[in-house]
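All chains are named by letter (A, B, ...) in the order of the sequence lines, taking the proteins before the strands, and each is independently numbered beginning at 1. These numbers were taken from a predicted model, which means no experiment stands behind them.
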There are 2 protein chains.
Amino acid sequence: MKARATETQRKTRIQMENEERILDAALEEFSAHGFRGATIDRIAEHAGMSKPNLLYYFRRKQDMYEALIARLLKTWLEPLRELDATGDPLPELQSYIRRKLEMARDFPRESRLFANEILQGAPRIKRLLESELKPLVDEKVEVLHGWMKDGQINPVDARHLIFSIWSTTQHYADFDTQVQVILGPDRGSEGRFEDAARYLETLFLDGLRPQAEKAETPRVRVP
Amino acid sequence: MKARATETQRKTRIQMENEERILDAALEEFSAHGFRGATIDRIAEHAGMSKPNLLYYFRRKQDMYEALIARLLKTWLEPLRELDATGDPLPELQSYIRRKLEMARDFPRESRLFANEILQGAPRIKRLLESELKPLVDEKVEVLHGWMKDGQINPVDARHLIFSIWSTTQHYADFDTQVQVILGPDRGSEGRFEDAARYLETLFLDGLRPQAEKAETPRVRVP
DNA sequence: CTAGAGTTTTATCAAACAGTCAATATTTTC
DNA sequence: GAAAATATTGACTGTTTGATAAAACTCTAG
């Protein structure tokens, strides 16, 4: 392999294919067992290649992990980035919640990888959280404050509001095992998702207090 | 040690002390690294004793883990057990949420241990969840349904309601690292807790939609 | 004080683990 | 199609890990 000073390293077809296979296998292992609990042997086995061959592409265990985390954070923050200050507050929030819920449904392994990392004290991404996540949250908190000042949403602690959106939606990926035990096998995962979306919409918009107690509207409309 | 057939095994002073020290150290390690990621060496070091000595009290790694889980589940479900069908619905829910939040504050390691186990597919406690957790949830779901039928709380999916209480409260233990990054060091952990409690109360009772949109009350009161 | 139960340590083991190396096989490039 | 670049493998290394055996020590009941 000639060293090309200026030119960016080109990746071969095989390289791209294998890196993809490896990262997929690594995601499976890391998300299920955490960094320490995952082993290169199992990742290699799961990727269908020998350990030395895997290490040819990622020289250390940590390299795979970091590649996964880097890729993860990009897509992970996308829904929050899309929260639009100029949009209608309630629909904006609703669609943010729905997007987060979709991510929990479509990328549960990524969610668990992230959960594992934070659970263990985020030793490998604390800096990234400070440099990427924090500023983004600060920015969106301002947006929320604006909406609250205008009376377009109830005045609450904006950061805790964001926490509650994250936790309720990611719960369906991170605690999936428990969710399945409790909901039983009756309702398929598609139905589960719709039930969750409907419930969260009610919770975040109106809470649990019956409308009758808030407004003076009668519970039954008489035509 | 004489084998006493009928009599239950008495524990010596040293035994009780050491088992306590070991379980505390084990909780620290397991909650931070998961079952696979934790090592007996580190637990022993953290407990201030030699590895063979530790293994004298718990012959296998898994024995420590199971002892912790068993102890955990007992206290973990207590708040839900206390949810009282004969009480006032909204205050009952409020105090359930507060108790869960207090547990996240006072027993974060236990919360993380549980999260780790579920995250990894609950291989060791799935059965316990089915035999202990599920029936309890089913029972309390009935209580919630009763309240909904009476119009005392908004009609929502009761199981998802429970999920949202679990996830929002446990978030403060499980994702503590992330919470701290975002809230910054300004507010101490005591203040954080009060902010969270206040926020969750508003969320679960009233949601985000401004009262003015629900009732016909004017947004600005003219004296 | 002492015998035996209970506790701790030293030494050790086999398996699992992250990672290396040189040799071989395959693909790409000219 | 041969040389160069890339990819794969088997054999191996040093370390960590879960677990055991037996000897040595300490505590406690009588």
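No salt bridge links E66(B) with R124(B); every basic N to acidic carboxylate O contact stays at or beyond 4.0 Å. With respect to the salt-bridge test (charged N to carboxylate O, under 4.0 angstrom), the residues R187(A) and D195(A) qualify. In this structure, K51(A) pairs ionically with D41(A), as a charged nitrogen and a carboxylate oxygen lie closer than 4.0 Å. A salt bridge is defined here as a Lys NZ or Arg NE, NH1 or NH2 lying under 4.0 Å from an Asp or Glu carboxylate O, and D138(A) with R159(A) meets this definition.
For the pair F35(B) CZ and dG18(D) P, the computed distance is 8 Å after rounding to whole Å. Rounded to a whole Å, the NZ atom of K11(A) is 20 Å from the P atom of dT27(C). The nearest whole Å value for the distance from the CD1 atom in I22(B) to the C1' atom in dT7(C) is 12 Å. In this entry the distance linking CD1 of I40(B) with P of dT15(D) reads 21 Å, nearest Å. Rounded to an integer number of Å, the gap from CD1 of I43(B) to P of dA19(D) is 11 Å. We find that OH of Y57(A) is positioned 5 Å from P of dA7(D), with the value rounded to whole Å. Atom NZ of K51(B) is separated from atom C1' of dA11(C) by 12 Å (rounded to the nearest Å). One can place CZ of F30(B) at 12 Å from C1' of dG18(D), the figure rounded to the nearest angstrom.
OP1 or OP2 of dT8(D) has not a single side-chain nitrogen or oxygen of S50(A) nearer than 4.0 Å. For dT17(D), the OP1/OP2 oxygens have no side-chain nitrogen or oxygen of R42(B) closer than 4.0 Å. Contact between the side-chain N/O atoms of Y56(A) and the OP1/OP2 oxygens of dA7(D) is found at a separation under 4.0 Å. Between dT9(C) and N53(B), a contact under 4.0 Å exists linking OP1 or OP2 to a side-chain N or O.
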Donor-acceptor contacts, no H, no angles, side chain residues 69-81 of chain A, under 3.5 Å, sequence neighbours left out:
{"from": "R71(A)", "atom 1": "NH1", "to": "E20(A)", "atom 2": "OE2", "distance (Å)": "3.2"}
{"from": "R71(A)", "atom 1": "NH2", "to": "E20(A)", "atom 2": "OE1", "distance (Å)": "3.4"}
{"from": "T75(A)", "atom 1": "OG1", "to": "L72(A)", "atom 2": "O", "distance (Å)": "3.1"}

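Contacts of A44(A) with the nucleic acid, taken as non-hydrogen atoms under 4.0 Å apart, are absent. Within the 4.0 angstrom heavy-atom criterion, no nucleotide atom of any strand lies near F58(A). The residue L55(B) sits close to a base: some heavy atom pair falls under 4.0 Å.
Applying the salt bridge (Lys or Arg N to Asp or Glu O under 4.0 Å) rule to D84(B) yields no partners; only residues at least two apart in sequence or on another chain are considered.
Distances were taken from every side-chain heavy atom of I14(B) (C-beta onward) to each of dA7(D), dT8(C), dG19(C); the shortest belongs to dT8(C). Considering only side-chain atoms of P52(A), the nucleotide from dT20(C), dG19(C), dT7(C) that sits closest is dT20(C). Residue N18(B) has its side chain nearest to dT8(C) when only dA18(C), dT8(C), dT27(C) are considered. Listed candidates were dA18(C), dA7(D), dT9(C). Nearest to the side chain of T12(A) is dA7(D).
Comparing R59(B) and M49(A) by the nucleotide of DNA chain D whose heavy atom lies nearest to each, the residue mapping closer to the 5' end is M49(A).
No donor-acceptor contact under 3.5 Å links the side chain of K61(B) to the base of dA19(D).
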